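Remarks on the structure that follows.
All figures in this text were calculated on a predicted structure; none of them were measured in a lab. Every number for a ligand or one of its atoms is a count from 1 in the order of the listing.
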Amino acid sequence: MRDPGDELRELEQNGLLRTLRRLDSPQQAKIDLAGTGICLNFSSNDYLGLAHSEELREIYGANVQKYGAGSGASRLVCGTMAQHLELEEALASLKRSEAALSFTSGFATATSVIPALCGRDDIVILDKLCHASLIDGARLSGAVMRVFPHNDVEKLKSHLEWAEKKTGTDGRILVVTESVFSMDGDLAPLQDIAELKSKYGALLLLDEAHAFGVLGPQGRGLAAGMELESQIDFQMGTFSKAVGLSGGYICASRSFVDLLINRARGFIYSTAPAPALAATLREALDLVSGPNGDERRAWLRQRIRQMDEDAESAIIPFIIGENEAALAASESLLEKGFLVPAIRYPTVPRGTARLRVTLSAAHTKENVTALQKALPSA
Ligand SMILES: *Cc1c(COP(=O)(O)O)cnc(C)c1O
C-alpha cells in the first residue's frame, strides 16, 4: 500500500506541498500570523471587510441569544426554522428570483445542485477555469461533460450545437460559468453566453461567488449589473466572501427550488446551518445591499483602481510562471510583512503560478501603497 509520507515528499519535491498557517487574530486587514507576526492580509475574500466588522459581530451575538446556537437536524427532518425561510425569501427578492435555497457552503451548493439537476442523459458544459466545486458537481452528476476554453463563446456555441443534436426531448443541457473568475479576476462575457443558452434551449448556472456583494447595483452581482438576472436560470453564490459569514445559495424558479429540496443531497443529508447564522445572514443581506454596503463598495473600488486601473474585480493576479518562483516571491513578501498567496498547479494551469492579491474595503490607501512598493516590479 502507498505510504502517505512518500506522497507528501513527492508533493514537496514538486513545490506543491501545502500546509496550514495559524492565525492568532480575527480575519481583518492586519493579522497576526504564527511564525511571522503582524502582517497585512492581501489574501482573504472578505471583500467588504465585514467578517470582523462591528456591525456583524453585534448582530451575530444578539442572534445567538435570540435564536440559539444549533439547528439540531437537517432541513427536511426538523431543521427548517423561520430564520432559514426568511433568509431565502429575502435573498430571492434581492436577486429578483422566484425562490432561493441556502446550503452550508458554496462548495456544498455546487456539488449538490448540479447532480440534482443532471444525470446520464444530460450534458453539462463548463468554462475551463470553473471552480473545483463546479467541476466536481458536474463529475458527480454522471452527465456527459464538455469544457470550453476560458470565455471562448465560439467554442461554447459549437458545444451547444452538438449538445442540441445529442440530447433527447427530455434531456437537459446545463451551461456553467462564473461571473468573476477566482484566479484571474476577469469577467465572463455574460450577454453572449445568455444569448447562446437561450438559442440552444439550454439552462445557465452562474456562480457569482466573487461578484455577490461586489458588483452590480446593491452588490447584487454581475448578472444584475448587466440586467441579465431574468435570463440566468440558476444564480449561485456564497455568503463566505463579500458577505463576511458562511454558506452558499442558489436562486431559481419555484419549481426548480422545490426539485432541489427533493434531490440535492448536500441539502437533504446535512444538518441545517445554525439559526443564529441564518438570521445574521438575513440581516447581512440588508447591510450589503444598503447604504453601508454602497459605502464599502465605493471604498473597495478606490483601492482596486489604486492597484490597477484596468482591474475588473477585487482579484488581481501577478503571473510569475514556475511554482518555486511564485513561492519564493510570496515568501519574500511575507518577510516584508505582506500575506499574498502563491497560487500553483493544480489550482491554476502549469507554468502560470502566480501571486494573487485580493483587495478589501478593510484596506487603507496606505496599505495598498505599501504593497505596491513591496511587489516584484513588473
Ligand atoms: C469560494 C468559491 C466557492 C465555494 O464557496 P464556499 O462558500 O467557500 O464553499 C464556489 N465557487 C467559487 C467560484 C468560489 O470562488
Identity and distance of the protein heavy atom lying nearest atom 5 (O) of ligand 1: G106 CA, 3.3 Å
Using residues 319-337 as the side-chain source, report each donor-acceptor pair under 3.5 Å to any protein atom, sequence neighbours left out, with the distance given to one decimal.
{"from": "S330", "atom 1": "OG", "to": "V340", "atom 2": "O", "distance (Å)": "2.8"}
{"from": "K336", "atom 1": "NZ", "to": "A374", "atom 2": "O", "distance (Å)": "3.3"}

task: Would you check whether S133 reaches within less than 4.0 Å of ligand 1, judged by its heavy atoms?
output: yes
field: Among M183, E208, K241, closest by any non-hydrogen atom to atom 14 (C) of ligand 1
entry: K241
message: Looking at E178, is its backbone amide N or carbonyl O close enough to the side chain of D207 to form a donor-acceptor pair, meaning the two atoms are under 3.5 Å apart?
response: no
Protein residue, atom and distance nearest to atom 3 (C) of ligand 1, heavy-atom basis: H131 CE1, 3.5 Å
- request: For H210, take its heavy atoms, then give the atoms of ligand 1 lying under 4.0 Å from any of them.
  value: 14 (C), 15 (O)
- prompt: How is the hydrophobic cluster of L17 composed, in terms of its other members, when Ile, Leu, Val, Met, Phe, Trp and Tyr link through side-chain heavy atoms under 4.5 Å apart, directly or indirectly?
  reply: L8, L11, L16, Y345
- prompt: For atom 13 (C) of ligand 1, which protein heavy atom lies nearest, and how many Å away is it?
  reply: D207 OD2, 3.2 Å
task: Distance to 0.1 Å, residue and atom name: give those for the protein heavy atom nearest to atom 4 (C) of ligand 1.
output: F107 N, 3.5 Å
field: Top protein contact for atom 8 (O) of ligand 1, by heavy-atom distance
entry: S240 OG, 3.7 Å
Polar side chain donor-acceptor pair, D136 to T111, under 3.5 angstrom: no
- prompt: Does one side chain, of H150 or D184, offer a donor that lies under 3.5 Å from an acceptor on the other?
  reply: no
field: Verdict with reasoning, S112 to R265, per side-chain hydrogen bond (donor to acceptor under 3.5 Å, both in side chains)
entry: CA-CA 6 Å; S112 302; R265 294 171 70 84; over 6 Å; no
query: Looking at ligand 1, does any of its N/O atoms fall within less than 3.5 Å of an N/O of T238?
result: yes
field: Within 6.0 Å of CD in Q372, more than 12 heavy atoms from elsewhere
entry: yes
task: Return a yes/no value for A209: is any of its N or O atoms, backbone included, closer than 3.5 angstrom to an N or O of ligand 1?
output: no
task: Show which atoms of ligand 1 fall inside a sub-4.0 Å distance from at least one heavy-atom site of E178.
output: 13 (C)
Donor on one side chain, acceptor on other, N63 and Q83, under 3.5 Å: no
